[in-house]
Q: 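Next up is a structure, given as structure tokens.
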2 protein chains.
Amino acid sequence: MGRQPSSKPTSFDIAYLAGVSQPTVSRALRGSKSVSAATRANIERIARELNYTVDKNASSLRSQRTHTLALLFFEDPTPDESMINPFFLSMLGSITRECARRGYDLLISFQQMHNDWHVAYQDSHRSDGIILLGYGDYQLYLSKLEHLVEMGTKFVRWGSVSEEGIGLTVGSDNVGAGEQAGAHLVEIGRTRIAFLGDASDHAPEFQDRYDGLCRAMRAAGYEPDPALQRDAVSTEDSGYAAANALLASGKPFDAIFAASDLIAIGAMRALTEAGLKLPHDVAIIGFDDIPAASLTSPTLTTVMQDLKGAGPLLVDALLSRIENRAVEQRILPARLIKRQSTAV
Amino acid sequence: MGRQPSSKPTSFDIAYLAGVSQPTVSRALRGSKSVSAATRANIERIARELNYTVDKNASSLRSQRTHTLALLFFEDPTPDESMINPFFLSMLGSITRECARRGYDLLISFQQMHNDWHVAYQDSHRSDGIILLGYGDYQLYLSKLEHLVEMGTKFVRWGSVSEEGIGLTVGSDNVGAGEQAGAHLVEIGRTRIAFLGDASDHAPEFQDRYDGLCRAMRAAGYEPDPALQRDAVSTEDSGYAAANALLASGKPFDAIFAASDLIAIGAMRALTEAGLKLPHDVAIIGFDDIPAASLTSPTLTTVMQDLKGAGPLLVDALLSRIENRAVEQRILPARLIKRQSTAV
DNA sequence: ATATTATGCGTATACGTATACCCTATGGCG
DNA sequence: CGCCATAGGGTATACGTATACGCATAATAT
């Protein structure tokens with residue numbers, strides 16, 4: 001044992017002890033079939049004894065594969081820097097676990113929109129592909145996506161699947177979810193349904209949800225009133241402001257479908273402050289089923305996205321892209337969770 | 001332009017265009033002072049034009065520094081795999097941003113306690129150091145920490161600073177926070193104060209909070225009743241169960257200090273179901289100030305930890321360790337946020 | 001029997017960078 | 001005018017792995 005215990009063992013050490021050459025060690029550990037079973041078993045035993053692990057840097061340098069994925073959050077700079085959209089945060093767990101299961105490391109980065117995009121590109125040296133999460137300035141976002149495509153970077157993003165977008169997209173069935181929400185509201189007798197959330201093409205997911213709502217209303221014989229749609233981004237304050245604007249407009253409404261739970265929670269605060277009784281006067285449905293949704297008063301009916309399925313699907317789609325296998329856009333089902341805010 | 005546009009430029013490309021050797025490029029870009037200002041400027045210009053970035057794998061392999069930190073979450077396996085303690089999730093934003101600011105990448109991994117620890121060790125090939133976050137089986141945890149120390153791995157963890165622990169710890173002033181909470185409860189006239197949270201040495205942070213509470217009570221002339229302390233881990237269900245056990249014991253109490261907001265929220269549910277009026281019959285204080293704390297009814301008085309400060313402090317401490325600079329344990333102040341659950 | 005192919009492994013080398021060492025030209029100094 | 005220090009940068013090489021190739025031996029075919 002003249003060897004320093006502090007220096008990590010290399011494949012040469014294993015090779016020496018096993019009486020083979022270094023490449024054979026590499027082959028054995030990577031599962032090449034041109035190594036005899038006996039040799040492989042011996043090498044694996046020695047590697048375990050020495051606590052040997054492949055040096056990822058050397059491995060990546062040589063093979064040009066990092067076995068690492070990068071996760072990029074895109075968000076508008078928020079006033080409170082440490083605030084992150086809880087929905088995406090939940091998805092993080094699902095993604096990390098799937099990465100671990102597939103033997104990939106996950107590099108994470110919170111990208112403020114105003115930052116230099118080159119940081120992301122730089123990541124491509126460090127990762128085999130990128131998962132993009134988050135809303136944000138959509139036009140700016142698109143131009144950067146095009147840049148990614150030009151560079152040949154492999155990526156997949158979470159978002160609106162209906163949209164004919166750049167790159168590969170995985171997302172919830174936002175239209176279907178909107179329909180479910182709309183149908184439920186109609187079912188409990190609401191017909192003057194407001195929608196809080198950006199319905200422009202800046203936020204395709206929100207637009208899809210609105211489309212679904214409209215479709216459900218028309219299917220039931222009601223025409224959605226454009227005046228009852230109010231823009232809002234996914235924050236509590238924005239929802240609060242949008243609901244107040246709606247109240248100020250004087251337009252009567254008996255239900256709100258909010259494009260996210262945060263918006264819904266802000267709206268509930270505005271409505272409560274205005275002296276309205278929920279859900280009696282106004283029924284409310286949110287979107288995302290964040291933990292807080294079951295704590296509001298009344299508890300919030302909302303749409304639960306399949307977070308557990310999202311991570312595996314995103315990772316799988318990205319790995320398929322990386323390995324140049326064909327992948328089609330995939331849609332995850334969403335489910336309406338009925339709580340007190342629509343219980344009349 | 002015989003060069004493939006798809007292949008990433010190397011330092012040799014830059015060197016050729018600048019009419020210097022490859023090492024000079026490396027020196028120039030790393031800020032070595034043995035490169036003339038003119039040469040450096042020229043190299044930097046060319047690098048920018050070619051969109052060159054240093055290959056991190058090659059760089060790390062050669063220099064044996066990765067400029068990457070690993071973040072390890074330790075949690076008991078939860079029934080819902082995608083559920084992560086919201087408090088640690090919030091800290092994540094703070095840490096990632098600080099890493100980015102210091103020019104470090106962040107590798108993230110959710111470690112189930114039962115998993116092979118070697119995964120973490122393996123990470124040490126990929127990162128210069130490890131940040132450990134989370135509770136979990138504390139004894140198992142400690143034995144693995146010892147292993148880390150043996151391997152010479154640099155790490156820092158979030159936890160109880162009062163404890164004479166293994167390795168470097170950064171954490172909130174849990175004792176002080178417990179004192180604040182206790183003092184506040186005494187101030188509003190409560191003397192029979194229950195504590196929900198593991199007070200054994202399995203959870204040093206919780207123990208510190210309990211110690212703080214006891215200290216405040218004694219300072220006010222009251223003796224804490226051990227029968228009013230109930231073990232609980234940081235989940236809503238555990239808080240619910242603990243509060244019900246407390247109720248079932250028949251011991252009278254007029255306040256609860258919960259070791260975490262999740263516990264507090266579960267306890268509130270139990271108390272409400274038992275027909276108690278909050279905060280009139282029982283005042284409640286939680287810990288963490290998770291977003292949900294301001295949504296409960298009544299809204300929850302709680303202790304806010306300095307999340308914005310935590311990330312920078314953890315990262316800075318770890319980098320100091322990595323660079324073999326001296327670091328002392330550091331304590332972050334915590335602040336009591338008074339809300340309705342203690343407003344009598 | 002010879003030709004053929006597969007098996008199992010060694011040899012040589014490349015991945016792209018950082019650093020130890022060496023060399024040259026210049027200027028200051030006595 | 002010779003000596004040495006210094007700036008500026010070149011040469012050679014190492015980091016640890018993965019893969020293209022080649023070469024035996026053994027297995028199979030003809």
Side-chain angles (χ1 to χ4, degrees), chain A residues 3-4 6-44 46-47 50-68 103 105 122 124-128, chain B residues 3-4 6-44 46-47 50-68 103 105 122 124-128:
Chain A
R3 177 159 302 287
Q4 299 286 356
S6 62
S7 76
K8 316 272 201 278
T10 74
S11 52
F12 281 98
D13 297 319
I14 314 280
Y16 176 76
L17 291 175
V20 298
S21 70
Q22 177 270 329
T24 298
V25 172
S26 175
R27 281 189 281 251
L29 296 178
R30 310 215 70 238
S32 159
K33 56 184 156 55
S34 64
V35 172
S36 76
T39 306
R40 180 195 315 283
N42 189 33
I43 287 173
E44 282 173 344
I46 296 173
L50 291 194
N51 243 316
Y52 169 79
T53 64
V54 173
D55 184 306
K56 290 247 191 179
N57 290 121
S59 174
S60 299
L61 176 58
R62 174 61 232 239
S63 67
Q64 302 292 60
R65 292 277 319 262
T66 64
H67 268 265
T68 299
D105 285 332
Q122 204 166 9
S124 71
H125 276 250
R126 296 280 276 142
S127 68
D128 297 334
Chain B
R3 176 159 304 286
Q4 298 286 357
S6 61
S7 75
K8 315 273 201 282
T10 73
S11 53
F12 281 98
D13 297 319
I14 313 280
Y16 176 76
L17 291 175
V20 297
S21 69
Q22 177 270 328
T24 298
V25 173
S26 175
R27 282 188 280 250
L29 297 178
R30 309 215 73 238
S32 159
K33 56 184 159 53
S34 65
V35 172
S36 76
T39 306
R40 181 195 315 284
N42 189 34
I43 287 173
E44 284 173 344
I46 295 174
L50 292 195
N51 243 316
Y52 168 80
T53 63
V54 173
D55 184 307
K56 290 246 190 184
N57 291 121
S59 173
S60 299
L61 175 60
R62 174 62 231 239
S63 67
Q64 302 292 58
R65 290 278 319 262
T66 64
H67 268 264
T68 298
D105 284 331
Q122 204 167 10
S124 71
H125 276 250
R126 295 279 277 144
S127 68
D128 297 334

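Model, not experiment: these values are computed from the prediction.
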Q: Give a yes/no on whether any side-chain N or O of Ser63(A) is located under 4.0 angstrom from OP1 or OP2 of dT19(D).
A: no
Q: Starting at CZ of Arg62(A) and ending at C1' of dT17(C), how long is that distance when rounded to a whole Å?
A: 16 Å
Q: May I ask you to say whether Lys56(A) pairs ionically with Asp105(A), meaning some side-chain N is under 4.0 Å from a carboxylate O?
A: yes
Q: For Ser59(A) and dG16(D), is the shortest distance between a side-chain N/O and OP1 or OP2 below 4.0 Å?
A: no
Q: Look at Ser21(B) and dG10(D) and indicate whether a side-chain polar atom (N or O) is within less than 4.0 Å of OP1 or OP2.
A: yes
Q: Of the non-hydrogen atoms in Val35(A) and Arg40(A), which two are nearest, and what is the gap between them?
A: O-NH2, 3.4 Å
Q: If you find the nucleotide of DNA chain C closest to Thr24(B) and the one closest to Ala58(B), which residue's nucleotide is nearer the 5' end?
A: Ala58(B)
Q: Test for a donor-acceptor pair under 3.5 Å between the base of dG8(D) and the side chain of Arg40(B), counting only N and O atoms.
A: no
Q: Would you say a side-chain N or O of Ser36(B) is under 4.0 Å from OP1 or OP2 of dG9(D)?
A: yes
Q: With heavy atoms under 4.0 Å as the rule, sort Ser26(B) into base, sugar-phosphate or nothing.
A: base
Q: Looking at every strand, decide which applies to Gln64(B) at a 4.0 Å heavy-atom threshold: base, sugar-phosphate, or nothing.
A: sugar-phosphate
Q: Let me know the distance between OH of Tyr16(B) and C1' of dG10(D), rounded to the nearest Å.
A: 18 Å
Q: Is any side-chain nitrogen or oxygen of Ser11(B) closer than 4.0 Å to OP1 or OP2 of dT17(C)?
A: yes
Q: Got a donor-acceptor pair under 3.5 Å from the side chain of Arg27(A) to the base of dG10(C)?
A: yes
Q: Nearest whole Å is fine: how far is dT17(D) P from Asp55(B) CG?
A: 17 Å
Q: Round to the nearest Å and state the distance from His67(A) atom NE2 to dT17(D) atom P.
A: 15 Å
Q: To the nearest 0.5 angstrom, please state how far the CD atom of Gln64(B) sits from the CG atom of Asp128(B).
A: 10.0 Å
Q: When you measure from the side-chain N and O atoms of Arg30(B) to the phosphate of dA18(C), is any distance below 4.0 Å, counting only OP1 and OP2?
A: yes
Q: Which is true for Val25(B) with a 4.0 Å heavy-atom rule: it touches a base, it touches only sugar-phosphate, or it touches nothing?
A: nothing
Q: Whole angstrom is fine here: how far is it from CG in Leu29(B) over to P in dA18(C)?
A: 8 Å
Q: Using side chain to side chain contact (heavy atoms under 4.5 Å, CB included) as the criterion, point out the one residue from Asp13(B), Ile43(B), Leu29(B) that pairs with Tyr52(B).
A: Leu29(B)
Q: Counting the atoms with a prime plus P, OP1 and OP2 as sugar-phosphate, which does Ser60(B) contact under 4.0 Å by heavy atoms, base, sugar-phosphate, or nothing?
A: nothing
Q: NZ of Lys56(B) versus P of dT17(C): gap in Å, rounded?
A: 13 Å
Q: Could you check if a side-chain atom of Val20(B) sits within less than 4.5 angstrom of a side-chain atom of Asn42(B), using non-hydrogen atoms only?
A: no
Q: Can you tell me the distance, in whole Å, between the CD atom of Gln22(A) and the P atom of dC15(D)?
A: 13 Å
